[in-house]
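Before any comments, here is the structure.
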Amino acid sequence: MSVALRNAQRAVPVRRAPLRRAVCALRAALGASHFDVGLVCAGNALMQRLNGAYRQCPEPTDVLSFPFHQVAAGELPRPRFRDEYNLGDIFLGVEYIHQQCRETGENFDDVLTVTAAHGLCHLLGYRHDTKPEWEQMYQKEVQILEELNRLTGSRLRPLTAGLF
């Protein structure tokens with residue numbers, strides 16, 4: 001199945017091909033290769049509108065995930081029809097992420113990939129509202145990023161290490 005990537009902003013150049021390849025590898029590491037994923041690279045204005053509408057927090061953010069299926073953490077959806085082979089959509093706040101990277105000195109492409117991994121985990125029911133949920137999600141992120149690192153020679157780690 002496919003990863004549909006759309007760049008809906010012009011503020012920050014995005015290297016789409018490497019991002020698409022990384023998301024495909026991460027999706028495979030999650031055992032979800034046969035599911036479609038939508039990936040939208042968004043600017044601050046769109047992220048602020050979406051965050052306000054869906055989370056009642058009218059500020060830009062780094063990632064928002066909109067799952068197609070509601071599943072428990074780590075479960076794969078069980079589609080009944082061909083058009084239900086869809087994990088959902090991830091909106092990456094690339095302008096927000098780029099601003100953070102300028103402040104911290106982190107590599108933008110690496111942070112974008114790690115943020116996409118975080119979004120994919122949300123599509124599969126992982127959450128981080130409590131410490132046990134965060135620990136479960138963090139471990140899944142470590143697992144799939146280690147697989148990506150093995151394939152690419154990268155050294156990516158989750159960004160949420162100090163959340164709890």
Side-chain angles (χ1 to χ4, degrees), residues 1-6 8 14 16 18-42 46-94 96-97 100 109-152 154 156-164:
M1 299 304 263
S2 70
V3 173
L5 194 154
R6 178 173 175 251
V14 176
R16 290 184 280 188
L19 179 58
R20 181 181 283 116
R21 282 192 301 271
V23 170
C24 285
L26 291 164
R27 187 181 53 165
L30 285 164
S33 294
H34 52 285
F35 288 89
D36 291 327
V37 173
L39 194 61
V40 178
C41 296
L46 177 56
M47 292 303 285
Q48 182 174 339
R49 282 194 309 273
L50 292 172
N51 206 17
Y54 292 98
R55 296 182 63 232
Q56 292 69 52
C57 184
E59 300 173 3
T61 189
D62 57 352
V63 63
L64 293 168
S65 296
F66 298 94
F68 187 81
H69 301 273
Q70 297 301 318
V71 294
E75 284 188 13
L76 286 176
R78 296 185 184 156
R80 291 177 285 158
F81 305 103
R82 180 181 275 260
D83 62 348
E84 292 180 351
Y85 279 86
N86 184 353
L87 290 181
D89 297 316
I90 301 168
F91 285 74
L92 293 172
V94 296
Y96 182 88
I97 293 167
Q100 284 186 324
D109 291 318
D110 289 350
V111 174
L112 202 58
T113 299
V114 171
T115 305
H118 186 83
L120 277 168
C121 287
H122 277 307
L123 293 182
L124 289 177
Y126 291 94
R127 302 182 55 85
H128 46 77
D129 298 327
T130 66
K131 187 171 183 177
E133 288 176 340
W134 171 83
E135 289 171 349
Q136 183 183 32
M137 184 169 183
Y138 182 80
Q139 288 307 313
K140 181 53 74 172
E141 288 181 36
V142 167
Q143 176 192 341
I144 65 174
L145 288 169
E146 283 177 353
E147 176 62 16
L148 181 63
N149 291 340
R150 188 186 66 75
L151 294 171
T152 65
S154 301
L156 304 177
R157 303 280 304 153
L159 299 173
T160 58
L163 188 61
F164 276 96

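Sequential numbering from 1 along the given sequence is applied to the chain's residues. For clarity, every value in this text was computed on a predicted model and none was experimentally measured.
Taking the six-membered ring for Trp and the full ring otherwise, Tyr54 and Phe66 have centroids separated by under 6.0 Å.
Annotation: side chain of Arg27 is in contact with side chain of Val37 (closest heavy-atom distance under 4.5 Å). Residues Arg157 and Val142 meet the side-chain proximity criterion, which asks for heavy atoms closer than 4.5 Å. Residues Leu30 and Leu87 fail the side-chain proximity criterion, which asks for heavy atoms closer than 4.5 Å. Residues Phe35 and Glu84 are not in side-chain contact: their nearest non-hydrogen atoms beyond the backbone lie 4.5 Å or more apart. For the pair Ser154/Thr113, no side-chain contact is recorded, criterion being any heavy-atom separation below 4.5 Å from C-beta on. Leu145 places a side-chain heavy atom less than 4.5 Å from the side chain of Pro158. Between Pro77 and Leu124, the closest side-chain pair of non-hydrogen atoms falls below 4.5 Å. With a 4.5 Å cut-off on side-chain heavy atoms, Arg55 and Asn51 count as touching.
Ala73 and Tyr126 get closest at one heavy-atom pair: CB-CD2, 3.8 Å. Nearest heavy-atom pair across Ala32 and Leu76 is CB-CD2, 3.8 Å. Across all their heavy atoms, Ile90 and Leu120 have their closest contact at CD1-N, 3.5 Å. Heavy atoms only, all atoms of each residue included: Leu19 and Ala116 are closest at CD1-CB, 4.5 Å. Scanning both residues, Cys24 and Val3, for their nearest heavy atoms gives SG-CG2, 3.5 Å. Nearest approach of Val94 to Cys41, heavy atoms of both residues: CG1-CB, 3.8 Å.
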Note to self: One pair to check against side-chain contact (heavy atoms from CB on, under 4.5 Å): Met137 and Glu141. What are the steps and the verdict?
What the structure shows: CA-CA 6 Å; Met137 184 169 183; Glu141 288 181 36; 3.5 Å; yes

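A donor-acceptor distance shorter than 3.5 angstrom exists from the side chain of Asp36 to the backbone of Ser2, with no hydrogens or angles considered.
Considering OG of Ser33 and CG of Leu26, their distance stands at 10.5 Å, rounded to 0.5 Å. Between the CG atom of Leu148 and the CD atom of Glu146 there is a distance of 11.0 Å, given to the nearest 0.5 Å. The CD1 atom of Ile97 sits 12.0 Å away from atom CG of Asp110, with the distance rounded to the nearest 0.5 Å. Distance NZ/Lys140 to CD1/Ile144: 7.5 Å, rounded to 0.5 Å. We find the OG1-CD distance between Thr61 and Gln48 to be 11.0 Å, quoted to the nearest 0.5 Å. We find the CD-CD distance between Glu133 and Gln136 to be 8.0 Å, quoted to the nearest 0.5 Å.
A tilted orientation is assigned to the rings of His128 and His118, their planes being inclined by 30° to 60°.
Applying the ring pair (Phe, Tyr, Trp, His ring centres under 6.0 Å) rule to His69 yields no partners; only residues at least two apart in sequence or on another chain are considered.
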